[in-house]
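Notes for the one structure printed next.
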Amino acid sequence: MSVMVARKKVVRKWEKLPGRNTFCCDGRIMMARQKGIFYLTLFLILGTCALFFAFECRYLAVQLSPAIPVFAAVLFLFAMATLLRTSFSDPGVIPRALPDEAAFIEMEIEATNGTVPQGQRPPPRIKNFQINNQIVKLKYCYTCKIFRPPRASHCSICDNCVERFDHHCPWVGNCVGKRNYRYFYLFILSLSLLTIYIFTFNIVYVALKSLKIGFLNTLKETPGTVLEVLICFFTLWSVVGLTGFHTFLVALNQTTNEDIKGSWTGKNRVQNPYSHGNIVKNCCEVLCGPLPPSVLDRRGILQQEESTAQEGSCLQGPGTQEPPATQGPGQAQEGGMKQQDGSIPPPSAVPVPSMSDTEMPEEKQRTPGELPVPSPDAGRAEH
């Protein structure tokens with residue numbers, strides 16, 4: 001006897017999402033697959049700060065002020081918090097169209113463009129959208145099967161359309177878009193301040209030690225400080241320059257992608273429809289505006305049923321018998337064919353006689369329309 005049991009396996013939506021992303025902590029953390037440079041970023045920040053707190057901070061706290069390590073710790077914690085927030089969050093990925101939605105969009109495009117003769121190139125799939133009296137073109141994404149919203153672009157590394165796409169940053173291991181751009185800007189700003197801070201006080205530390213034991217002896221006794229100075233010196237220019245560039249973009253309410261493509265400058269001479277014409281308003285919108293929720297619903301539940309067959313047999317003991325029922329002529333013979341030990345033979349061992357019309361009892365042989373006539377034996381049985 002087999003019983004089919006249906007078990008429901010809970011599957012989260014992040015397990016079925018397309019694209020080249022990795023997820024951790026049951027979909028709460030979302031990153032790109034290429035995370036090698038992100039680990040290098042963590043190593044440089046943690047290593048440099050660890051050397052600074054281990055060697056220079058104690059000496060500077062005694063010689064100058066105990067506030068030096070406190071302020072360094074605040075900058076370090078803020079930079080790490082904004083880095084992890086940028087790296088582990090959804091940058092604003094736009095879900096791909098479902099099969100029905102993609103088919104409907106294809107029908108709309110065919111109805112708009114008409115039939116394209118064979119051998120001719122089809123017209124570009126573009127929709128015009130007006131924002132602040134400016135015409136903005138919405139481009140069709142052949143991978144996601146959608147018309148991308150304004151300022152959105154498809155990231156070739158993560159293979160996703162990202163809303164207000166700025167760029168893909170390998171140093172944070174994620175795309176930078178609408179939902180994490182402010183944290184990215186705060187990260188590079190705080191990292192610039194932290195780098196300048198450590199570099200400055202390393203120079204002060206070397207100068208104070210040189211007054212006592214000389215410059216060359218100081219370099220020999222503090223190799224960790226020399227390593228910190230070299231790391232800060234080579235990273236200072238790139239980090240500070242990147243911070244200045246993004247400060248310029250924030251003031252104009254512009255993205256890196258738009259600046260590289262020259263969307264609002266160059267030949268077109270089209271003004272930026274997203275700029276308020278005021279630096280303060282642009283900064284407030286980019287850095288202090290409401291943060292939109294994620295539209296991916298990564299931890300939503302998808303239920304999949306899995307059917308498993310279970311076999312079970314009902315065994316009867318020698319003392320257990322089925323309740324007696326009205327037995328026919330065939331059943332009486334079957335009841336007398338029990339084995340000597342009281343067990344019932346298997347069904348294949350019990351012969352089942354097949355009765356034709358000529359072998360049927362008299363009370364069962366009648367012509368159509370004839371009423372059944374009770375036999376005398378049946379009457380005695382009823383009494």
Side-chain angles (χ1 to χ4, degrees), residues 12-45 79-80 82-98 102 124-125 137-189 191 235 238-239 241-243 245-246 249-250 254-263 286 291-299:
R12 299 286 183 179
K13 290 183 178 180
W14 63 267
E15 301 179 43
K16 302 296 182 180
L17 286 177
R20 304 190 191 102
N21 294 98
T22 55
F23 299 89
C24 302
C25 299
D26 198 15
R28 292 179 176 88
I29 295 177
M30 178 180 180
M31 294 186 67
R33 291 183 183 178
Q34 301 176 357
K35 301 183 289 292
I37 302 181
F38 167 72
Y39 295 140
L40 177 62
T41 304
L42 287 177
F43 175 75
L44 291 175
I45 296 176
M80 288 300 301
T82 51
L83 170 62
L84 298 179
R85 183 66 173 82
T86 305
S87 303
F88 294 163
S89 61
D90 171 23
V93 175
I94 304 172
R96 300 189 181 187
L98 299 176
R125 298 183 173 185
K137 295 181 179 180
L138 307 183
K139 296 182 179 180
Y140 180 80
C141 179
Y142 288 89
T143 302
C144 300
K145 307 296 182 182
I146 60 172
F147 280 97
R148 293 193 290 260
R151 314 187 85 177
S153 184
H154 191 90
C155 176
S156 59
I157 299 176
C158 295
D159 197 23
N160 287 315
C161 280
V162 180
E163 193 172 2
R164 199 186 182 277
F165 178 75
D166 191 86
H167 69 288
H168 181 91
C169 182
W171 295 97
V172 301
N174 203 352
C175 288
V176 179
K178 187 174 183 178
R179 298 194 69 251
N180 63 351
Y181 180 80
R182 66 183 62 181
Y183 301 107
F184 171 78
Y185 178 77
L186 294 176
F187 162 65
I188 58 176
L189 178 62
L191 184 62
T235 59
S238 59
V239 175
L242 184 64
T243 304
F245 172 69
H246 279 277
L249 294 179
V250 169
Q254 194 172 343
T255 65
T256 304
N257 186 47
E258 294 170 348
D259 182 73
I260 294 175
K261 292 181 177 180
S263 301
V286 176
L291 188 66
S294 176
V295 295
L296 284 181
D297 190 20
R298 303 189 299 272
R299 304 193 69 249

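Distance check: Phe184 CZ to Thr82 OG1 gives 10.5 Å after rounding to the nearest 0.5 Å. Atoms CZ and CG, on Phe38 and Leu84 in that order, are 5.5 Å from each other to the nearest 0.5 Å. Lys145 NZ to Leu98 CG: the interatomic distance, rounded to the nearest 0.5 Å, is 13.5 Å. Taking CG of Asn160 as the reference point, atom CG of Leu17 lies at 8.0 Å (rounded to 0.5 Å). With rounding to the nearest 0.5 Å, the separation of CG in Asn21 from CE in Met30 is 4.0 Å. For the atom pair Cys169 SG and Leu242 CG, the distance stands at 7.5 Å (nearest 0.5 Å).
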For Ile188 and Trp171, run side chain to side chain contact (heavy atoms under 4.5 Å, CB included): C-alpha distance rounded to whole Å, both residues' side-chain angles, the deciding distance at 0.1 Å, then the answer.
-> CA-CA 11 Å; Ile188 58 176; Trp171 295 97; over 6 Å; no
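Counting all heavy atoms, side chain and backbone alike, Ser294 lies closest to Asp90 at OG-OD2, 2.6 Å. Closest approach of Ile37 and Pro170 over heavy atoms only: CB-O, 3.5 Å. The minimum heavy-atom distance between Ala32 and Thr22, with the atom names listed, is O-OG1, 3.4 Å. Pairing each heavy atom of Ala102 with each of Ala97, the nearest pair is N-CB, 4.1 Å. Contact record, Arg179 with Leu291: O-CD1, 3.5 Å, taken as the closest heavy-atom pair. Pairing each heavy atom of Ser153 with each of Lys261, the nearest pair is OG-NZ, 4.3 Å.
By the 4.5 Å heavy-atom criterion applied to side chains, Leu186 and Arg85 are not counted as neighbours. Contact check for His168 versus Cys175: side-chain heavy atoms found under the 4.5 Å cut-off. Here the side chains of Leu83 and Leu191 are not in contact, with every heavy-atom distance at 4.5 Å or above. Side-chain atoms of Thr255 and Tyr181, non-hydrogen and from C-beta on, never get closer than 4.5 Å to each other. Side-chain contact between Phe165 and Thr256: absent, with no pair of heavy atoms (C-beta onward) separated by less than 4.5 Å. Pro95 has its side chain within reach of Leu296: a pair of non-hydrogen atoms, C-beta onward, lies under 4.5 Å apart. With contacts defined as side-chain heavy-atom distances shorter than 4.5 Å, the pair Tyr185/Leu249 does not qualify. By the 4.5 Å heavy-atom criterion applied to side chains, Arg148 and Ile94 are not counted as neighbours.
With hydrogens and angles disregarded, no donor-acceptor distance shorter than 3.5 Å links the side chain of Asp259 to the backbone of Gln254. No donor-acceptor distance shorter than 3.5 angstrom exists from the side chain of Ser87 to the backbone of Gly173, with no hydrogens or angles considered.
Checking Val172, Thr86, Val162 one by one against Asn180, the side chain to side chain contact (heavy atoms under 4.5 Å, CB included) holds for a single residue, Thr86.
Ring geometry for His246 against His167 counts as tilted: the plane angle lies between 30° and 60°, on a 0 to 90° scale.
The salt bridge (Lys or Arg N to Asp or Glu O under 4.0 Å) analysis of residues 20-45, with sequence neighbours excluded, yields the pairs Arg12-Asp26, Asp26-Arg299. Residue pairs satisfying the salt bridge (Lys or Arg N to Asp or Glu O under 4.0 Å) criterion with at least one member in residues 149-173, sequence neighbours excluded, are listed as follows: Arg96-Asp159, Arg151-Glu258, Glu163-Lys178.
Partners of Tyr140 according to the ring-ring contact (aromatic ring centres under 6.0 Å, His included) rule, which considers only residues two or more places apart in sequence or in another chain, are Tyr142, Phe147.
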